[in-house]
Amino acid sequence: MNEVNINIIENFPTLPTVYSAILSKIQDNKTTAKDISDLLILDQASTFKLLSLVNSSIFSFKKKITTISEAVTFLGFNEVRDTILTLAVMNMMKLYRTNKNFNIIELWKHSIFVGIFSKIVAKNLNLANYEELFIAGILHDIGKLALYNSYQNTYVDLIKFSNENNSSLIIEEKKKFSLNHSEVGALLAKKWNLSKVITDTIEYHHSKNIEQHENSSAIACIYLANQSANLIWNFNTASDIIEKPSNSIWEILNIKKGFFNKIKDEILNTYEDSLNILKIN
Amino acid sequence: MHTVNIENLKLGMILAKPLKNRFGQVMLGENVKIEEKHLNMFKMWGLDCFVVFDDSDLQPTKAEKDEIRELAKNQVLNHIFNWGILSELEDEYIEYIIDLKASLIKKDINNE
């Protein structure tokens, strides 16, 4: 990785202290649910948000979860860690002023939709780790945030340029910064010690040959969710034409007729709930 | 719209006509959504007759629904005009995306 690339990662705002404390605690084998709970209780707003999230339709627990300890017990350390990270990232988005060509609110809505869509599709296809895909979906475009953080108006101009010339954003990013936003996102995910599934989906969500990758089902979910979001809203995308999913996407996921009609309401309701819980304004 | 008395007035109902006291003074305007604080006030003022909107007044009409779906359809089709002929599965997928988009447009309209 050359110097420029390291700077993009190093310049990205650090996570709030309580989150980094929790992330490092979780890596310690002796940490208990109570340890995590004690740390997080110090941050009331996050405790509240985490519990709201855990009790929402995004996670489908039958029992109401009222303490962090319980959340840790039911979700497991890694899921709690990832959820806290997601809340931290959502908080981070507040720091960015809205620019006409880089609308942070739209990026936020897009990311949440991709998270919800991926999770529900994966759950209905009986894929393992579908909860991780919610996190992966929310974080899939984090690289764009990092590039904007480092390059501000230069990045905004690049997006505008690729929109006006109908060129692929990731190609333009690679030319200008020697990294595209998928690669930057993956580097951040590795820095945050996220799972290989999450890191791979972030890295390859624009990939041409998804079937060759180890976590092809997960990547295909995020890819499909991303395309779906772009078909529904068109902001921050490179062109008006949305790429057609190749046949391999349908094959990798083994999606059959009738599948989409089954999941429509679930996606709508869960998306609405999540906008309320993961507010950034 | 229909008329209810104070016992049948529920939170969330929306006034279809302004609420006037016995002197003809407007106490609360139309289109106000009934909240907890209002119920106490109504009891204090001795008001007991309220004209509220029905659910059917508030839903989009069928013509409006069709119009929204048409808008959603055109916008989605704009993004896929080079997709060529769709397979059955792709067709189902696109119809689903259009439905989802139409529902989201409706929710945005209702939230404004």
Side-chain angles (χ1 to χ4, degrees), chain A residues 105-106 109-110 112-114 116-117 120-121 124-125 163 166 220 223-235 237-276 279, chain B residues 10-14 32-37 53 55-112:
Chain A
I105 302 285
E106 307 295 10
K109 277 193 197 165
H110 171 87
I112 293 180
F113 182 87
V114 171
I116 301 286
F117 190 104
I120 289 174
V121 165
N124 282 282
L125 291 172
N163 279 341
N166 252 342
Y223 171 85
L224 189 63
N226 194 29
Q227 298 309 89
S228 303
N230 288 336
L231 281 169
I232 292 175
W233 297 283
N234 193 8
F235 36 73
T237 55
S239 66
D240 280 330
I241 309 275
I242 302 301
E243 185 183 75
K244 184 180 184 182
S246 67
N247 287 331
S248 61
I249 296 291
W250 309 118
E251 279 158 23
I252 292 169
L253 295 174
N254 199 22
I255 288 180
K256 298 275 178 351
K257 259 182 58 169
F259 178 76
F260 291 110
N261 289 326
K262 202 170 60 141
I263 64 175
K264 179 182 146 208
D265 285 336
E266 196 179 346
I267 290 189
L268 212 51
N269 295 331
T270 313
Y271 175 63
E272 267 225 310
D273 283 348
S274 60
L275 286 183
N276 286 329
K279 270 204 253 286
Chain B
K10 299 275 180 310
L11 295 178
M13 282 182 166
I14 299 178
V32 169
K33 200 178 215 181
I34 305 296
E35 295 169 37
E36 190 78 54
K37 62 185 182 193
F53 284 123
D55 277 343
S56 58
D57 296 325
L58 301 170
Q59 299 291 14
T61 61
K62 181 161 194 314
E64 282 165 353
K65 279 195 186 141
D66 289 343
E67 201 181 290
I68 291 173
R69 195 173 196 281
E70 201 56 37
L71 176 69
K73 182 173 179 174
N74 288 334
Q75 289 181 355
V76 172
L77 292 183
N78 256 346
H79 293 318
I80 67 168
F81 67 78
N82 71 344
W83 281 26
I85 304 206
L86 302 181
S87 68
E88 249 187 288
L89 179 58
E90 286 164 350
D91 195 56
E92 184 188 311
Y93 169 66
I94 290 297
E95 287 300 311
Y96 157 76
I97 292 291
I98 293 172
D99 283 341
L100 200 49
K101 185 171 178 126
S103 302
L104 288 164
I105 292 174
K106 267 181 241 149
K107 281 195 197 270
D108 275 343
I109 290 173
N110 282 340
N111 286 337
E112 253 156 40

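Every heavy atom of this structure was used, including side-chain atoms; hydrogens, water molecules and symmetry mates were not.
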Kindly indicate whether the side chain of I232(A), heavy atoms from C-beta on, has any atom under 4.5 Å from the side chain of H79(B). no
So, W83(B) side chain and P245(A) main chain: donor-acceptor pair closer than 3.5 Å or not? no
Please output the side-chain donor-acceptor pairs of residues 257-264 of chain A that fall under 3.5 Å, not counting sequence neighbours, one pair per line with the distance.
residue: K257(A); atom: NZ; partner: E88(B); partner atom: OE2; Å: 3.1

CG of N78(B) to CG of L231(A): how many Å apart, nearest 0.5 Å? 11.0 Å
For K244(A), is the NZ atom crowded, meaning more than 12 foreign heavy atoms sit under 6.0 Å from it? yes
Under the side chain to side chain contact (heavy atoms under 4.5 Å, CB included) rule, what do Y93(B) and I255(A) come out as? Steps first, then yes or no, please. CA-CA 10 Å; Y93(B) 169 66; I255(A) 288 180; over 6 Å; no
Where on I80(B) is there a heavy atom nearer than 4.5 Å to chain A: the side chain, the backbone, both, or neither? side chain
Please work out which of the three classes, parallel, tilted or perpendicular, describes the rings of Y96(B) and F117(A), given edges at 30° and 60°. tilted
Atom CG in L89(B), atom CD1 in I249(A): separation rounded to 0.5 Å? 12.0 Å
Run the ring pair (Phe, Tyr, Trp, His ring centres under 6.0 Å) test against Y223(A) and tell me which residues pass, sequence neighbours left out. none
Check whether I94(B) gets within reach of chain A through its side chain, its backbone, both or neither, counting any heavy atom under 4.5 Å. side chain
Are any of the side-chain heavy atoms of L104(B) and Y271(A) separated by less than 4.5 Å? yes
Where does D265(A) contact chain B at under 4.5 Å (heavy atoms): side chain, backbone, both or neither? neither
Region of I267(A) that comes under 4.5 Å of a non-hydrogen atom in chain B: side chain
